[in-house]
Asker: 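Dropping a structure here in structure tokens format, bear with me for questions.
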Amino acid sequence: MTPPVQQTAPFQALPPEAPLAMPVQDLHGMPDMEGRSGTPSTSPATIGLRRFLVIGSALALTAFGAWRTHKVLDANGTTILGVVMLVLFVALFLWIALAFTSSLAGFASLITRGGLGLGITRSGPLPALHSRTALLLPTYNEPPHRVMAGLKAIYTSLCETGQVDAFDIFILSDTTNPDVWVEEEAAFLALRAQSQGSRIFYRRRHNNVERKAGNIGEWVRRFGAAYQQMVTLDADSVMSGETLVRMVGAMERNPGVGLIQTLPSIVGGTTLFARLQQFAGRVYGPVIAHGIAWWHGSEGNYWGHNAIIRTEAFAGQAGLPHVPGRKPFGGHILSHDFVEAALMRRGGWAIHMVPGLDGSYEESPPSLTDVAIRDRRWCQGNLQHVKVLPTKKLHWVSRMHMVVGIGAYVTSPLWLVFLLTGILISLQAHFERPEYFGDTKLLYPHWPHVDPVQAKYVFIGTMAILLAPKLFAYIALIFDRATCKGCGGALRAAASVLVETLIGGLIAPVAMLIQTSGVISILSGHDSGWNTQRRDDGGVPFLVVVQQYTKFTIFGLLLGAGAWVVSPSLFFWMTPVLLGLVFSIPLVLLTSSRKVGQDFKKAGLLLVPEETHPPDVLLKTEQALAENDAPSLPHDALRALRADSSLLQAHAAMLPPARKPGDPINPDQLVGLLKVAEAPSISVLETQLTTKEKAAVLGCEEGVAAISRLPV
């Protein structure tokens, strides 16, 4: 008797679809509250008092600073330059005064072990979960092995909580490089095999419109109805299982909350620049985050990753429209996270930050050059919020988030103008002949002056307010014995604060000019594009650094020469700014060096607890990176598919439906298929296809079938 043939279940990279409507919001119309009240979950009286203390104190400090600055200038006369400088001082001082008062509140919250709420605890039994949550990891041309290592660590950590069945993991690819795309698929198959058939899914968009916001929105519209919550991750995000379970538990207990944002700790830094960012984020970051959480209350913000979102709230309120106008201000909204949080709050959902909850991690760019590339995109997105500010019924705190985001970049050109105005005032005083008596007959002469004593007091006061948050952070660190020990102890931590402050002070003027040039570029109509973020060890080539930073060196030399001509005392006063600019090339080379970064680590400087006593989920990530369980395949996508028949079959199964009559014609696909038909072998074909043609050919059944028949 012939045994029955066993049927193999078809490969499924995705679960059954569960569509959820996500209407595009009308920014000029009333929000659809869907029967919910707009009352926040935070006590109005309590949060009102907190905001009055923080914002009112910042305004009072600014008024006092403006009065003292006015005393510095010539009290017997008003000049245009003096008025300009006073106005700029008020705008810039208000910025640092608000950071100071907010950090003071954060310091109080930090040393009293606050920063949680919503029934979330740092330790103790985990809540039992009764809903389903999706972990969403959007990726765009990222190294697949690094992405999957983080996901494997998260999955393993969730397994240890005993509640992994409450979570599904989705890899949402917007990758355009066909070689990386096929490598992603191979890494996904390996991860799914290791998880023994767990709920890990993969989807690649073949038309990646609206970038990350469009990627998440497409998932919500196709699968959102099956999940009460979704956790958004970045390609470098890692979160512990315990943290995820506690966040889901908080969402289940608080049905009016739409989003909970964690405070990710920066980890994995190897270059000096990344280690500076890592130390600053770990030591100063909690003071800042605790402060804004203390007075933001239920009108918090969203940073785009390492946050949990109620899917219903996101779908109902966060459908982003295109703003009118041409790029860079028009089109789809780039910095979508601020706007999504504001729209959810407008729709009656509470937005909370919980900086006191550990177990959330991310990485930092390895060099100032990489930060500049990322900041150019963020700058355009934040400036674009000018068109979102008039949105009807936005909470005033949500508008304030956007104003602060805009100010994060606008303040750079304002600082530059403030600096140049100060030089012009000194120049004016140097060359302009004073009128001692003027047209009025006076018994005593009019002595015009810029009071150096008052100027000294204003400078000292401004620097004290600027640096005070770092002092608050250090004192809070001393109170936290475990964190202090993880930073190398009180003395090494103090030395690290000093090192970070000095090097950060030298980098600041270079960053100021980079951001200023970015703002000017955007205002002149240049779009930032969409670049893959580099996450390796830095290593910027010497000639590239020279080419990119020579202009800052020249500007510093000219600025220094001008200051010296005006007054040697002005030159020495400007020395910190001049040093950073003149030595920008060696400064960037030094901070981009992995060796220098590791030398600081060996010396016990810029240490953070996550590297001296790594949490379990980070150890799991390092182990997954070392193991590299994905199959060893050729880097070229065509050869990789031919080398692994199971990968070829899975790739074919994950393709989108065939093009229907009337669908738009893809010229890259037509040309690519023609080249495939004429190529004698894979070896010849891989030299003929462009990147877009290869992606188009691999994205259709006809192309994959033709490639599978070609000899290697």
Side-chain angles (χ1 to χ4, degrees), residues 25 27 91-92 94-96 98-99 102 210-214 216 232 234 259 261 264 277 281 285 288-289 292 296 299-307 318 320-346 351 353 362 364-365 368 370-391 394-417 508 511-531 533:
Q25 299 299 303
L27 302 186
L92 295 169
L94 178 59
W95 183 263
I96 63 173
L98 183 60
S102 185
E210 299 178 355
R211 306 185 186 184
K212 184 178 177 180
I216 298 292
T232 53
D234 258 359
L259 185 148
Q261 174 70 64
Q277 298 283 98
I288 298 169
I292 59 178
H296 284 179
E299 285 74 46
N301 208 353
Y302 170 42
W303 298 335
H305 58 90
N306 291 45
L320 299 182
H322 284 206
V323 293
R326 301 174 62 184
K327 292 181 179 180
F329 288 105
H332 69 274
I333 297 173
L334 298 180
S335 292
H336 54 91
D337 38 16
F338 281 34
V339 181
E340 288 160 348
L343 293 179
M344 282 190 283
R345 185 65 197 90
R346 181 180 81 143
I351 312 296
M353 179 184 292
E362 64 174 337
S364 167
L368 180 60
D370 293 290
V371 167
I373 294 171
R374 185 188 67 178
D375 259 18
R376 175 62 175 76
R377 185 176 69 250
W378 286 5
C379 179
Q380 180 178 337
N382 284 16
L383 294 182
Q384 193 185 38
H385 289 166
V386 169
K387 293 198 171 185
V388 183
L389 281 172
T391 299
L394 278 188
H395 195 282
W396 69 269
V397 176
S398 297
R399 294 187 206 273
M400 190 173 179
H401 292 326
M402 295 185 196
V403 171
V404 169
I406 294 168
Y409 294 95
V410 173
T411 49
S412 286
L414 291 183
W415 276 115
L416 180 59
V417 174
M512 174 188 69
L513 290 184
I514 290 174
Q515 290 188 343
T516 299
S517 63
V519 171
I520 294 172
S521 173
I522 291 164
L523 293 178
S524 62
H526 293 87
D527 185 35
S528 66
W530 191 12
N531 301 307
Q533 183 171 315

Asker: F329: what forms a ring pair (Phe, Tyr, Trp, His ring centres under 6.0 Å) with it, not counting sequence neighbours?
Answerer: none
Asker: How far does CZ of R345 sit from CD of E299, to the nearest 0.5 angstrom?
Answerer: 4.5 Å
Asker: Compute both the distance and the angle, then confirm whether R374 meets the cation-pi test with W378: under 6.0 Å from the six-membered ring centre, within 45 degrees of the axis.
Answerer: yes
Asker: Within the side chain of K212, is there an N or O that forms a donor-acceptor pair under 3.5 Å with the backbone of G304?
Answerer: yes
Asker: Evaluate the side chain to side chain contact (heavy atoms under 4.5 Å, CB included) criterion for residues T232 and Y302: first the C-alpha distance (whole Å), next the side-chain angles of each, then the deciding distance (0.1 Å), finally the verdict.
Answerer: CA-CA 11 Å; T232 53; Y302 170 42; 3.0 Å; yes
Asker: Among residues at least two apart in sequence or on other chains, which ones pass salt bridge (Lys or Arg N to Asp or Glu O under 4.0 Å) with K387?
Answerer: none
Asker: When you look at L98 and M400, which way does the side chain to side chain contact (heavy atoms under 4.5 Å, CB included) test go after all the steps?
Answerer: CA-CA 12 Å; L98 183 60; M400 190 173 179; 3.6 Å; yes
Asker: Taking R346 for the side chain and L394 for the main chain, is one N or O donor matched with an acceptor at less than 3.5 Å?
Answerer: no
Asker: Given M402, which of N301, T391, N382, V339 fulfils the side chain to side chain contact (heavy atoms under 4.5 Å, CB included) condition?
Answerer: V339
Asker: Do side-chain atoms of Q384 reach the backbone of L334 as a donor and acceptor pair under 3.5 angstrom?
Answerer: yes
Asker: Checking D375 against Q515: is there a side-chain donor and acceptor pair closer than 3.5 Å?
Answerer: yes
Asker: Kindly indicate, with the supporting measurements, whether the criterion side chain to side chain contact (heavy atoms under 4.5 Å, CB included) is fulfilled by C379 and V519.
Answerer: CA-CA 7 Å; C379 179; V519 171; 3.7 Å; yes
Asker: Has T411 got a side-chain atom pairing as donor or acceptor with G407's backbone, closer than 3.5 angstrom?
Answerer: yes
Asker: Distance only, no hydrogens: is a donor on one side chain within 3.5 Å (strictly under) of an acceptor on the other, for Y409 and T516?
Answerer: no
Asker: Looking only at side chains, do R376 and S521 share a donor and an acceptor under 3.5 Å apart?
Answerer: yes
Asker: Sub-3.5 Å donor-acceptor pair from the side chain of Q380 to the main-chain atoms of P328, do we have one?
Answerer: yes
Asker: Kindly say whether the aromatic ring centers of H401 and H385 come within a distance under 6.0 Å.
Answerer: no
Asker: Any chance you could measure M353, atom CE, to I292, atom CD1, to the nearest 0.5 Å?
Answerer: 4.0 Å
